[in-house]
Amino acid sequence: MSVETQKETLGFQTEVKQLLHLMIHSLYSNKEIFLRELISNASDAVDKLRFEALSKPELLEGGAELKIRVSFDKDAKTVTLEDNGIGMSREDVITHLGTIAKSGTADFMKNLSGDQKKDSHLIGQFGVGFYSAFIVADKVDVFSRRAGSPASEGVHWSSKGEGEFEVATVDKDDRGTRIVLHLKSGEDEFADGWRLRNIIKKYSDHIALPIELPKEAAAAEGEEKPAVEWETVNRASALWTRPRTEVKDEEYQEFYKHIAHDFENPLSWSHNKVEGKLEYSSLLYVPARAPFDLYQREAPKGLKLYVQRVFVMDQAESFLPLYLRFIKGVVDSNDLSLNVSREILQKDPIIDSMKSALTKRVLDMLEKLAKNEPEQYKGFWKNFGQVMKEGPAEDFANKEKIAGLLRFASTIGDDGEQVVGLAEYLARAKEGQDKIYYLTGETYAQVKNSPHLEVFRKKGIEVLLLTDRIDEWLMSYLSDFDGKSFVDVARGDLDLGNLDSEEDKKAAEEVAKSKEGLVERLKTALGESVAEVRVSHRLTDSPAILAIGEQDLGLQMRQILEASGQKVPDSKPIFEFNPSHPLIEKLDAEQSDERFGDLSHILFDQAALAAGDSLKDPAAYVRRLNKLLVELSV
Ligand code: ADP
């Protein structure tokens, strides 16, 4: 036992304690994954070393043959993992194995319910990594030495996975990390060569460097213990360099879990090799579920970048647009230089053309998923739809393609689920319909019952119902799809084009003419509150409605801007009334100007309420209404 100095005991960050507790209780049914997680870390550590050694070859001193070794001791009930990767310094160990450095972690922990089944899913989403060792071990020792540091700067970390851990400085002969798991009683099954080999084959076959196990050699006569001979148990080649036809689905799936730190299988993947002017391979995955930090600005995103098989960086963000930030994968280029930096990536024209090709691959993959696996695509949309909606604004070139992937709720179907695609909408459009109609609003309940939909109901025309916060903004970037333009049914002077017959139009004109007097009276009564007053052809049941001016901001955008403290340009609505509604007929017949004024304002305020807006002067509304009620009851 080497001498330990500078020993100290430190407490885990609260979130680590919570994670440990949860993991031990929720992942118990899948406990063998601890090995996958530790091998995944070891493989990352070797990747990092290989990369750093490009500029500092001396880091490879004492062994350039990079590998992971897994061994066990049946009697001592231990499993040991050893890698000769980058290793950790004392400070590294304290931060990496004592805290969780992901933004939003505390918020995430609040979502956990205590229900083990649900939590095990959530925890999978979060990624467990190193701490999963405590699923099977009641004590873990880590010995590590950062590559390039002297033997005297080794560090020993030790913990029982409860509240605290110990660190001490020790001598360590070689660089890299050795992790010793002291198995809990009842977990000795893992101290077994056959079991370990199976787990490695199952989860870690795709790891690109050798994973070695001791050969089961019998002790030679007179020897107490046989000399250890090692044998590689995994395939040890980079998965993305292999031809597609030779890679099994399970291998793709396990590789995904390794790079994405996800527990679940991906929904879909796309593996390609590009040759010609540019040479690169890519393997891109669509996750099945959103990571807990999808909307965190600093959340990890981007691909793992390799240059000629050598790992160069994680989270290379320049290869995909932001609205595809949930895509995980690897890109391996033959053209980039090994000392490429993030700054260079941002400017390199090679990257631009790779980015547009990779973007197209992802969109194609999503199209295929939508077409062949509509149920899975529904799930995809639930998780990532909101992010995809950022697409048309960010990626002008692919606007049409992205639009085709969007899904909306509509007046067909009544549960508000976003399942209608634009192609499907157009395929079942009315004959003569050359527009795509939509309505935006705060909630599904509100838009579903909006008076703006009355005429569409009557004519049996489908309207898309958009209630995500981002929707109005999204629609400002979409003008048409498949040659058909989008029309906000709450905006401007609704023209149903060919959907109105000539007779309908004529009749409408005549009615409008006959109501010119009423229009003028209403204009006087409503005065500054409205931009215009006119006869409506949107209404069948409601007396009146407020339409938004063609160029004005909609309610949603106005509310978003106001909430962010911006000054919003003043805009007035257009008051439209339904000439055949009994209330309007009554209004038209009203002799008293005072009563006419009260009734008009009440109708105006009601229309604002029905549109989901708040009243400028609610007290005045109540006063007028009560006045009428009193008159009624006399
Ligand atoms: P993650 O791998 O998701 O970052 P982990 O909890 O698994 O989270 O590991 C935390 C960090 O500890 C890693 O990011 C890495 O910096 C460090 N680490 C873990 N295992 C090793 C190892 N075998 N060699 C070097 N560093 C390691």
Side-chain angles (χ1 to χ4, degrees), residues 12-13 15-20 22-24 27 33-53 59 63 66-70 79-105 108-109 123-135 137 140-149 153-159 161 165 167 172 174-181 203-204 207 209 211 256-263 291-293 296 298-302 304 311 313-315 328:
F12 284 120
Q13 179 196 23
E15 285 82 10
V16 176
K17 276 188 245 171
Q18 286 171 308
L19 181 68
L20 278 168
L22 264 152
M23 207 165 40
I24 293 163
L27 295 180
I33 55 96
F34 79 89
L35 194 59
R36 171 185 82 193
E37 299 293 312
L38 297 179
I39 287 177
S40 186
N41 280 348
S43 158
D44 289 347
V46 165
D47 271 349
K48 281 180 204 154
L49 172 69
R50 203 183 268 134
F51 177 64
E52 284 195 18
L59 292 182
L66 301 169
K67 58 180 174 276
I68 301 169
R69 280 183 165 168
V70 182
V79 171
T80 300
L81 272 101
E82 182 150 25
D83 68 65
N84 54 359
I86 193 74
M88 287 176 273
S89 66
R90 188 182 171 110
E91 293 80 70
D92 289 342
V93 163
I94 291 173
T95 35
H96 295 325
L97 310 184
T99 62
I100 302 173
K102 299 182 198 184
S103 55
T105 299
F108 168 80
M109 294 291 170
I123 262 208
Q125 228 174 333
F126 184 76
V128 295
F130 170 78
Y131 301 106
S132 65
F134 289 101
I135 306 174
V140 177
D141 283 307
V142 178
F143 301 88
S144 197
R145 183 181 133 197
R146 170 90 195 175
S149 303
E153 283 179 22
V155 55
H156 175 198
W157 176 103
S158 180
S159 175
F165 59 95
V167 273
K172 188 173 183 295
D174 37 19
R175 67 154 192 271
T177 304
R178 182 167 79 248
I179 300 177
V180 184
L181 309 177
Y203 295 109
S204 307
I207 294 289
L209 73 159
I211 305 170
Y256 164 77
K257 291 178 191 167
H258 163 55
I259 58 160
H261 298 277
D262 194 350
F263 264 51
F292 76 101
D293 52 4
Q296 297 273 341
E298 324 80 82
K301 48 186 160 286
K304 250 176 139 67
F311 167 78
M313 70 177 79
D314 262 323
Q315 301 168 28
K328 303 281 181 201

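Each ligand, and each atom within it, is numbered from 1 in the order the structure gives. In this text the structure is predicted, and so the values were computed from the model without any measurement.
Heavy atoms of D83 found under 4.0 angstrom from ligand 1 belong exclusively to the side chain. By the criterion of a heavy-atom distance under 4.0 Å, neither the backbone nor the side chain of E37 is placed next to ligand 1.
Looking at E153, its side chain never comes within 3.5 Å of a backbone N or O of R146 through a donor-acceptor pair. Proximity of a side-chain donor or acceptor of T99 to a complementary backbone N or O of T95 within less than 3.5 Å is detected. Although no hydrogens or angles enter the test, the distance criterion places a donor-acceptor pair under 3.5 Å between the side chain of N84 and the main chain of K67. Under a 3.5 Å cut-off, the side chain of R36 and the backbone N or O of Y203 do not form any donor-acceptor pair. Checking side-chain atoms of D92 against main-chain N and O of S89 turns up a donor-acceptor pair under 3.5 Å.
Protein heavy atom at the shortest distance from atom 5 (P) of ligand 1 is F130 N, 3.5 Å. From the protein, the heavy atom lying nearest to atom 14 (O) of ligand 1 is K48 NZ, 4.7 Å. Among protein heavy atoms, atom 27 (C) of ligand 1 sits closest to M88 CE, 3.6 Å. Of all protein heavy atoms, the one lying nearest to atom 19 (C) of ligand 1 is N41 ND2, 3.6 Å.
Counting atoms of ligand 1 from 1 in the listed order, those under 4.0 Å from a heavy atom of H96 are 10 (C), 11 (C), 12 (O), 16 (O), 17 (C). Proximity to H261 (heavy-atom distance under 4.0 Å) selects the following atoms of ligand 1: 2 (O), 3 (O). Interface atoms of ligand 1 facing G129, defined by a heavy-atom separation under 4.0 Å, are 7 (O).
In summary, of the residues considered (I179, V70, V180), a side-chain contact (heavy atoms from CB on, under 4.5 Å) with T80 occurs for V180 alone.
Salt bridge status for K304 with D314: present, with a side-chain N to carboxylate O gap under 4.0 Å. Salt bridge present: D174 and K172 bring a charged side-chain N and a carboxylate O closer than 4.0 Å.
Per-atom contact check: atom 23 (N) of ligand 1 touches the protein, criterion being a heavy-atom distance below 4.0 Å. For atom 2 (O) of ligand 1, the nearest protein heavy atom is under 4.0 Å away.
Of the candidates G176, G85, A45, S132, the one placing a heavy atom closest to atom 25 (C) of ligand 1 is A45.
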